[in-house]
Number of protein chains: 2
Amino acid sequence: MTQAISVNEQQLDLLFHALSNQTRRALLAQLRSGPRIVTDLARSYKMSLNAISKHLLVLEKAGLIDRKIEGRIHICQLQAEPMMSAEKWLQNYQEFWSNNLDSFAEYVEQKYSDESKDKDEKS
Amino acid sequence: MTQAISVNEQQLDLLFHALSNQTRRALLAQLRSGPRIVTDLARSYKMSLNAISKHLLVLEKAGLIDRKIEGRIHICQLQAEPMMSAEKWLQNYQEFWSNNLDSFAEYVEQKYSDESKDKDEKS
DNA sequence: TTATTAATCAACCATATGGTTGAATATATA
DNA sequence: TATATATTCAACCATATGGTTGATTAATAA
């Protein structure tokens, strides 16, 4: 029923959860410019290093970053592939928002083309 | 720094959070085939109607469904547009995963094209 | 060796989450 | 009218989340 979604549900849970926090999204954004070490990443935030450490763990569990340990420093690196799963999942709904946008466009067009000439009372 | 993301962060929090639960994703999937009333939606799950009611509220707050109340029944309807924000956000990372996929493709090609006959290292 | 630095671990706290059960509130139906 | 149906509200519970502070561990630097 409702055409299987095909991606691992547990993985999607972790992934969407990881993305549902502003700090974590900001961390990912930072990593777009290249690998960074934990202390460096943490510098931008008001919260403690420990808090950032925890956020990084959440991202790691979701597969969104990996880390290479070199001596006492941990080098974090973006791993964006899991986002493909999210993309794929979202694409199951693409038709809906584009349909809606189409009808919204129609609505706007109708509304402003002739400014309430005739009352559209639906079906 | 790190090129602003441009979508409302609070909205993304609600949206990704709403999507981070399997039951809620399943509810959305059900709604792809058209509007449904709460009791009907709830029928597919082992959990209580109340639990589903709460899940629907989460989806509603994220803007992913709306409801039309007709007498005692609530007709829920998919509103997929907010997913566009998620899409847009994810697309900031598309280059990363496609780069990775490209190099993976190269790797596969190299590995299986001639099964280590001669090493084509074509920069 | 002794500090200092990088990071995690552990314990704690307040609040959120996901679920339950048992009203309560309307609205339909007999 | 009385009763059944659709849904939410309210209270509760266990666990998760997001943060804190204070060790602890390991690697560097003095």
Side-chain angles (χ1 to χ4, degrees), chain A residues 9-31 34-79 82, chain B residues 9-31 34-79 82:
Chain A
E9 294 291 333
Q10 163 71 12
Q11 154 93 11
L12 281 177
D13 281 7
L14 290 174
L15 179 56
F16 282 127
H17 170 66
L19 298 181
S20 75
N21 177 282
Q22 176 166 7
T23 303
R24 286 193 292 265
R25 288 194 304 274
L27 286 167
L28 291 171
Q30 284 187 77
L31 289 172
R36 296 277 196 90
I37 77 174
V38 178
T39 324
D40 188 29
L41 283 168
R43 215 177 303 283
S44 330
Y45 306 89
K46 282 194 218 118
M47 71 190 71
S48 70
L49 175 65
N50 277 4
I52 297 298
S53 177
K54 280 185 179 185
H55 281 307
L56 290 172
L57 195 64
V58 172
L59 291 171
E60 205 175 7
K61 277 187 187 160
L64 287 166
I65 65 172
D66 63 0
R67 77 178 73 204
K68 192 171 25 171
I69 301 178
E70 274 179 16
R72 63 181 167 177
I73 72 175
H74 295 205
I75 303 170
C76 296
Q77 185 170 229
L78 183 61
Q79 288 292 130
Chain B
E9 294 291 335
Q10 163 71 13
Q11 155 91 13
L12 281 177
D13 281 7
L14 290 175
L15 179 56
F16 281 127
H17 170 67
L19 298 181
S20 75
N21 176 282
Q22 176 167 7
T23 302
R24 286 193 292 267
R25 287 194 305 274
L27 286 167
L28 291 172
Q30 284 187 78
L31 289 172
R36 295 278 196 92
I37 76 174
V38 177
T39 324
D40 187 30
L41 283 168
R43 215 177 302 284
S44 330
Y45 307 89
K46 282 193 217 121
M47 71 189 71
S48 71
L49 176 65
N50 277 4
I52 297 299
S53 177
K54 281 185 176 184
H55 280 307
L56 290 173
L57 196 65
V58 172
L59 291 171
E60 205 175 6
K61 279 187 184 158
L64 287 166
I65 65 173
D66 65 359
R67 78 178 73 203
K68 191 170 27 167
I69 301 179
E70 274 181 15
R72 64 182 167 177
I73 72 176
H74 294 206
I75 304 170
C76 297
Q77 187 172 227
L78 183 61
Q79 288 292 129

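- In this structure, Leu56(A) atom CG and dC9(C) atom C1' are separated by 15 Å, rounded to whole Å.
- Between the C1' atom of dT5(C) and the CZ atom of Arg43(A) lies a distance of 12 Å, rounded to the nearest Å.
- Note that the CD atom of Gln22(B) and the CD atom of Glu9(A) stand 4.0 Å from one another [nearest 0.5 Å].
- Side-chain nitrogen and oxygen atoms of His74(B) include none within less than 4.0 Å of the OP1 or OP2 phosphate oxygen of dA6(D).
- Here the P atom of nucleotide dC9(D) and the CG atom of Leu57(B) are 8 Å apart, to the nearest Å.
- dT20(C) atom P lies 14 Å from atom OH of Tyr45(B), rounded to whole Å.
- If you take CD1 of Ile52(A) and C1' of dA6(C), they are 15 Å apart, rounded to a whole angstrom.
- Atom NZ in Lys46(B) sits about 18 Å away from atom P in dG18(C), given to the nearest Å.
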Report each atom pair, protein N/O against N/O of nucleotides 25-28 of chain D, whose distance is under 3.5 angstrom.
| residue | atom | partner | partner atom | Å |
| --- | --- | --- | --- | --- |
| dA27(D) | N3 | Arg72(A) | NH1 | 3.4 |
| dT28(D) | O4' | Arg72(A) | NH2 | 3.3 |

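- The interatomic distance linking Leu41(B) (CG) with dT5(D) (P) rounds to 19 Å, in whole Å.
- Closest to the side chain of Ser48(B), out of dT8(C), dT8(D), dT21(C), is dT21(C).
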Short N/O separations, protein against nucleotides 10-17 of chain D, under 3.5 angstrom:
none

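- Backbone-only engagement by Ile37(A) is indicated by non-hydrogen atom pairs under 4.0 Å involving sugar-phosphate atoms exclusively.
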Inset, instruction - Could you please spell out the steps behind the side-chain contact (heavy atoms from CB on, under 4.5 Å) verdict for Ile65(B) and Gln77(B)? - result: CA-CA 5 Å; Ile65(B) 65 173; Gln77(B) 187 172 227; over 6 Å; no
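- Atom CZ of Arg36(B) and atom P of dA6(D) are 15 Å apart (whole Å).
- No donor-acceptor pair closer than 3.5 Å links the side chain of Arg67(A) to the backbone N or O of Glu60(A).
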